[in-house]
Amino acid sequence: MSEIEDEARLFPEVEGLAAALAAGTPPEGPAQAVIEPPRQAGGHAVGDVRLLYARDVTIWPRLGLVRLADGRVPAHAHSASRLRDRPLPEAPGSAPRIPRAAIWLGKGACRNYGHFLFDGLPGLTWLDESGVGAAYPPLAPPLAAWQREILAMAGLPAPLIRREAAVNVGEAVILTSINHYLQRGDGLLFAAAARLGRPAAPPPPPGPGPFAGALYLSRRGVWSRVLLEEARLERAILQGGGRVIRPEGMSARAQAEAARGARTLAGPSGAALGNLIHLAPGARVVELRPSAVDEPWMAVSTLALGLRHEVVSGSAPLAAPPLAARVKTLPRRLYGRQAWAWSVDVAEVLARLAE
């Protein structure tokens, strides 16, 4: 079993590391540098991103995991915490070797829309803007069409795609932002949002109605956390001049364009609310949050981007949801994934949207 250790034990701090890597003059041994220091903001711990450098490592692109030459694993990736009780997947003996690479994408960001925007994109933006990415090509497994579209929207170069389960790398750069930067986003997130072309100010209301300028992100096409009143809520928003979209059936560009036109972004907790990255400073996010969800990412992200964040609390998972909800969530429950039904006060949500 590989030994998982904190980066402080494995990587001594080296002043000017980023500039040296960008110039092609790396240190002789492992090194690290802080590129975004930790701090407190709004009662939350934010920032804390480090640049790591090591030679002769094995990388699992789909996991965002790195094993050093001596077998130790830096605890930089969220996936690493799950390896404390089981061994790291073995790299095949035929794993190819490449001279240099940068790791910016973790396991969650390989599939999840929100994690890609908040854990992956900020690191890739930093690699591009610091010049380190030119010397150490960003590595990634095959990307989905929506991921490639986001990179194109941000004007970022296509990463080096590797289909193998594991790759041996002569010199590797690792960004610790892949470890749930979603929960501590700070300046790197602001830079990524700027690359995506967020507007400078919220647009004027597009027309009459109490909900004009509001965009509701529906989860009715998602088989998890079923909001029982969602159809009724959507009808009321539409009747009041607001917009309702189903993000899972839209391209990344279409989602971005819809969000840029919103003064208020609303919806249940989930990855679709990651579209707040496209809102103008001063816009508002109204999050419908079931009591079972308790994560700081919305508060942290809206703070970093200069947005107003409001929460409408909902019920706990219902012990006896309606039959239709049980049927809808059955596919996810069969796979042991999160799937339940909950409820919210529609009148309270509408009152918030009308403010």
Side-chain angles (χ1 to χ4, degrees), residues 59-66 77-79 82 89 96 98 101-128 133 137-167 174-175 177-183 185 188-189 191-193 195-198 217-225 245-260 265 267-278 297 301 331-332 335 337-339:
I59 294 172
W60 284 259
R62 289 178 175 84
L63 299 176
L65 284 173
V66 175
H78 177 64
S79 304
R82 303 177 183 178
I98 57 178
I103 308 305
W104 59 282
L105 196 64
K107 181 179 179 181
C110 286
R111 296 176 304 210
N112 182 278
Y113 184 78
H115 282 289
F116 186 82
L117 285 171
F118 290 81
D119 295 346
L121 191 66
L124 187 60
T125 299
W126 183 88
L127 286 169
D128 184 62
L139 185 71
L143 298 177
W146 62 266
Q147 294 170 318
R148 298 193 300 271
E149 190 173 29
I150 289 172
L151 299 187
M153 289 164 53
L156 292 167
L160 174 64
I161 300 298
R162 302 300 305 207
R163 299 181 180 275
E164 300 88 354
V167 180
I174 308 118
L175 295 177
S177 50
I178 72 175
N179 181 8
H180 269 53
Y181 191 64
L182 180 83
Q183 304 289 10
L188 295 185
L189 178 60
R195 289 292 290 260
L196 288 170
R198 65 191 301 237
L217 306 179
S218 173
R219 284 183 64 90
R220 282 204 288 155
V222 181
W223 296 347
S224 66
R225 300 202 303 270
I245 63 173
R246 292 195 177 185
E248 77 278 359
M250 301 170 63
S251 69
R253 191 176 297 276
Q255 293 182 56
E257 290 173 354
R260 290 184 192 121
L265 188 71
S269 298
L273 282 179
N275 282 302
L276 65 85
I277 199 172
H278 304 296
W297 80 273
S301 302
R332 286 180 65 94
Y335 283 98
R337 301 181 67 187
Q338 186 183 73

Q: Decide yes or no on side-chain contact (heavy atoms from CB on, under 4.5 Å) for Glu248 and Arg219, but give the supporting numbers first.
A: CA-CA 8 Å; Glu248 77 278 359; Arg219 284 183 64 90; over 6 Å; no
Q. Can you tell if the side chain of Asp128 reaches within under 4.5 Å of the side chain of Pro138, non-hydrogen atoms only?
A. no
Q. If you round to the nearest 0.5 Å, how far is CZ of Arg246 from CG of Leu217?
A. 12.5 Å
**Q.** Pairwise distance CZ(Arg62) to CZ(Arg162) - rounded to 0.5 angstrom
**A.** 11.5 Å
Q) Under a 4.5 Å cut-off applied to non-hydrogen side-chain atoms, are Leu105 and Cys110 in contact? A) yes
Q: State, yes or no, whether a side-chain contact exists between Ile277 and Leu189 at a heavy-atom distance under 4.5 Å.
A: yes
**Q.** Interatomic distance, Gln255 atom CD to Tyr113 atom OH [nearest 0.5 angstrom]
**A.** 4.0 Å
Q: Could you tell me whether the side chain of Ser251 reaches within less than 4.5 Å of the side chain of Glu149, counting heavy atoms only?
A: yes
Q: Would you mind reporting whether Met153 and Arg195 have side-chain heavy atoms less than 4.5 Å apart?
A: no
(Q) So which atom in Leu175 and which in Gly123 form the shortest heavy-atom distance, rounded to 0.1 Å? (A) CD1-O, 3.3 Å
Q | Residue pair Leu276 / Ser301: nearest heavy atoms and the distance that separates them | A | CD1-CB, 4.0 Å
Q) Taking all non-hydrogen atoms of both residues, which atom of Asn275 and which atom of Leu265 are closest, and how far apart? A) C-CD2, 4.0 Å
Q: State, yes or no, whether a side-chain contact exists between Leu151 and Phe116 at a heavy-atom distance under 4.5 Å.
A: yes
(Q) Once rounded to the nearest 0.5 Å, what's the spacing between atom CG of Leu121 and atom CG of Leu188? (A) 10.5 Å
Q. Rounded to the nearest 0.5 Å, what separation is found between the CG atom of Leu139 and the CD1 atom of Ile103?
A. 4.5 Å
Q: To the nearest 0.5 angstrom, please state how far the CH2 atom of Trp297 sits from the CG atom of Leu273.
A: 5.5 Å
Q | Nearest non-hydrogen partners of Pro61 and Ala140, listed with the distance | A | CB-C, 4.4 Å
